[in-house]
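Here the structure comes first, spelled out in structure tokens, and everything after it is commentary.
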Amino acid sequence: MGVKINSEDSVVIGNVNAGGENLDTKDEEKQEKVTMKKNINVLHGTCFIVSTIIGTGIFISPNSISRNVNSPGMSILIWLGGGIIATIGGITYCELGNMFARNGAEITYLRQAYGAMMSFLSCFLLHFVLSGLRRAIQFLSFSRYFWRVFYEDSSPPWILDKAVCILIIALLITVIALRPSLTLKIIDAVTVAKLVALGVVIVIGIVHLAKGKTENLEVGFEGTNLNPQLWGEAWTNVLWAYNGWNVVCIVLGEVKNPRDLSKIIAIAMSIVTVFYMLAVISYHAVLPMEIMNSDKPIASELANVYLGKSGVIFFAVAVAISSLGNSMTAILGASRYLQAGGAQGVLPSVFGLVNRRFRTPVFSLLFLFTTTTIFTLVGDLSGLINSATFTSFFFVSCCAAGVVVMRFTKPEHPRPVRVFLLFPILTATFGVYMIVIPWFGNNVVMSGVWVGITVLIGIPSYFLCVNKTYRQQWIRDFSGRITDFFGRILNSEVNLQ
């Protein structure tokens, strides 16, 4: 077996001679390309988005918004505004997804609109550098709430905590790698569990208001904070709470009918926005602003008022399950993003490997397991990741602007869905807003660090490892040997796009 990398950066896994000619039989040449199975229907796609968006934040930290605006009326309006903005972003991506119905989302859209370097930088920063760190924080969040069921006033031994985290990471990645259909069913089930937990919050609020206890909501907009910097932080937090509306585009190549993208996004964003709004109204109805502005876990405080200790345990379990489901969808999406990067020549081709039997990107999943495990052992670096959140909005903003750009650069390209240009313009505008805000807050130094990493490491890495003009031959040869090696042991192959 060998690897042939031609001048077009394509990779062929098979028997090759010294001249690089394929020696496989004609029957083997006619074999179907190894690609991911199209397992995702409208239900799976909807649950994928809903489960990705609804993480731990809506149960723990609505206070991060209310504290900055300081009134229930304005807090509720900002949550509504966040849902509208996220939905507009989803509508914008409908055009991009229908133009390029393949896995990868931003990595594909940026490559088509601006070229390979922008695509590489998004993949390098968001998924090659930050992905393991983000997943580790999610598993550490799961761990904190999982152990609350057993250790009410203390923490478990460090070794036990880390061992359980790594075991769960290994279990989830194994299921994603070997049982893609089961993975989707688990995501569906976890999504239902999350909505049930939010339903309990909503019912508590309805019961509270039905008793005529409306004094907390009657405060309305009184005392609203007009500080623009604090408003910026509130918008940052609420838009981050809705982050994930674009995730189905990452796995669009596995959607049975890509034309269903618009339907999936519309249903998912309607569900999330309605449940978020009703939950936030319930929080403000039951809890006074003193508690809403505190650092206490809001769902647990609400449950304690009506359900006592059993309610606190219920929401500890709910948050743990929510975090676990969020981690599963994030790993699934990140593995497809990395695979698309390898398949499109934006990352080393080894990331593009797809297992012949299970039709999953096993190498990318192994990479995510390794990085996630390392960062889980290191500990909670949430402050580091929070300072990098603006980078996600930068690439989303560029994709939205790409809709306008490609109306001129690719006017003849088929567009099954053609959105009103105001939508991508609004999405890009809000993205720019999210990019600018951190430079006026407490994260300015770390924001500069991430820009430095992108400029000083990301851009040189692109020219040395990806760009056809500057990439060294030994790098190409080494990449080919690595791809060949892992292709053999993982029973995988690459089909570059």
Side-chain angles (χ1 to χ4, degrees), residues 40-59 62 65 75-98 105 184 187-206 235 237-252 255-285 299 318 322 325-326 329-330 333 396 399-400 403 416-420 422-424 426-427 430-431:
I40 300 175
N41 56 26
V42 173
L43 174 62
H44 295 327
T46 300
C47 290
F48 190 39
I49 293 177
V50 173
S51 186
T52 301
I53 295 177
I54 301 177
T56 59
I58 188 63
F59 298 105
I65 288 92
S75 174
I76 293 168
L77 279 183
I78 285 183
W79 278 94
L80 175 61
I84 293 172
I85 293 169
T87 302
I88 290 173
I91 293 171
T92 298
Y93 268 49
C94 286
E95 176 167 330
L96 294 168
N98 278 276
L184 295 174
I187 291 173
D188 293 349
V190 170
T191 302
V192 172
K194 292 182 180 187
L195 294 178
V196 168
L198 281 178
V200 172
V201 172
I202 293 166
V203 169
I204 290 175
I206 292 173
W235 276 111
N237 291 329
V238 79
L239 290 178
W240 194 247
Y242 281 99
N243 188 48
W245 48 264
N246 58 337
V247 71
V248 76
C249 295
I250 299 176
V251 297
L252 193 56
V255 174
K256 292 180 178 179
N257 183 4
R259 297 290 181 89
D260 287 334
L261 177 61
S262 303
K263 186 188 302 182
I264 291 171
I265 291 177
I267 296 172
M269 291 313 303
S270 297
I271 292 172
V272 172
T273 303
V274 169
F275 271 81
Y276 268 17
M277 288 301 301
L278 293 176
V280 170
I281 291 172
S282 294
Y283 288 142
H284 280 289
S322 183
N326 198 252
T329 58
V396 167
C399 286
V403 173
V417 174
R418 193 179 183 92
V419 302
F420 184 40
L422 179 62
F423 291 149
L426 287 174
T427 302
F430 280 110

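What you see is a predicted model, and the numbers here were worked out from it, not measured in a lab.
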Handout entry: Test side chain to side chain contact (heavy atoms under 4.5 Å, CB included) applied to Leu184 and Phe48, step by step
Key = CA-CA 8 Å; Leu184 295 174; Phe48 190 39; 5.9 Å; no

Nearest-0.5 Å distance, [atom1] of residue [X] to [atom2] of residue [Y]:
X      : Y      : atom1 : atom2 : value
Leu239 : Trp79  : CG    : CH2   : 10.0 Å
Trp245 : Thr87  : CH2   : OG1   : 10.0 Å
Leu261 : Ile91  : CG    : CD1   : 11.0 Å
Ile78  : Ile65  : CD1   : CD1   : 8.0 Å
Leu426 : Ile88  : CG    : CD1   : 5.0 Å
Leu80  : Met277 : CG    : CE    : 4.5 Å

Looking only at heavy atoms, what is the nearest atom pair of [X] and [Y], with distance?
X      : Y      : value
Ser262 : Asn98  : OG-ND2, 4.3 Å
Pro416 : Arg259 : CB-NE, 3.6 Å
Val419 : Pro424 : CG2-CD, 4.0 Å
Ser75  : His284 : OG-NE2, 3.0 Å
Gly97  : Leu252 : O-CD2, 3.1 Å

With [X], which of [options] fulfils side-chain contact (heavy atoms from CB on, under 4.5 Å)?
X      : options                        : answer
Cys47  : Ile264, Ile271, Val248, Asp188 : Asp188
Thr191 : Val50, Thr52, Val196           : Val50
Tyr242 : Ile85, Ile84, Val272           : Val272

Problem - side chain to side chain contact (heavy atoms under 4.5 Å, CB included) assessment of Phe423 paired with Val403 - result: CA-CA 10 Å; Phe423 291 149; Val403 173; over 6 Å; no

Problem - Criterion side chain to side chain contact (heavy atoms under 4.5 Å, CB included) on Ile250 and Asn246, from CA distance to verdict - result: CA-CA 7 Å; Ile250 299 176; Asn246 58 337; 5.8 Å; no

For [Y], is there any backbone N or O sitting under 3.5 Å from a side-chain donor or acceptor partner on [X]?
X      : Y      : answer
Tyr276 : Ala241 : yes
Asn326 : Ser322 : no
Tyr283 : Ile58  : yes

Practice task
Please determine, by modelled atom types, if Ser51 and Thr329 share a side-chain donor-acceptor pair under 3.5 angstrom.
Solution key: no

Non-hydrogen side-chain atoms of [X] and [Y] separated by less than 4.5 Å:
X      : Y      : answer
Phe275 : Val201 : no
Leu96  : Cys399 : yes
Leu195 : Val192 : no

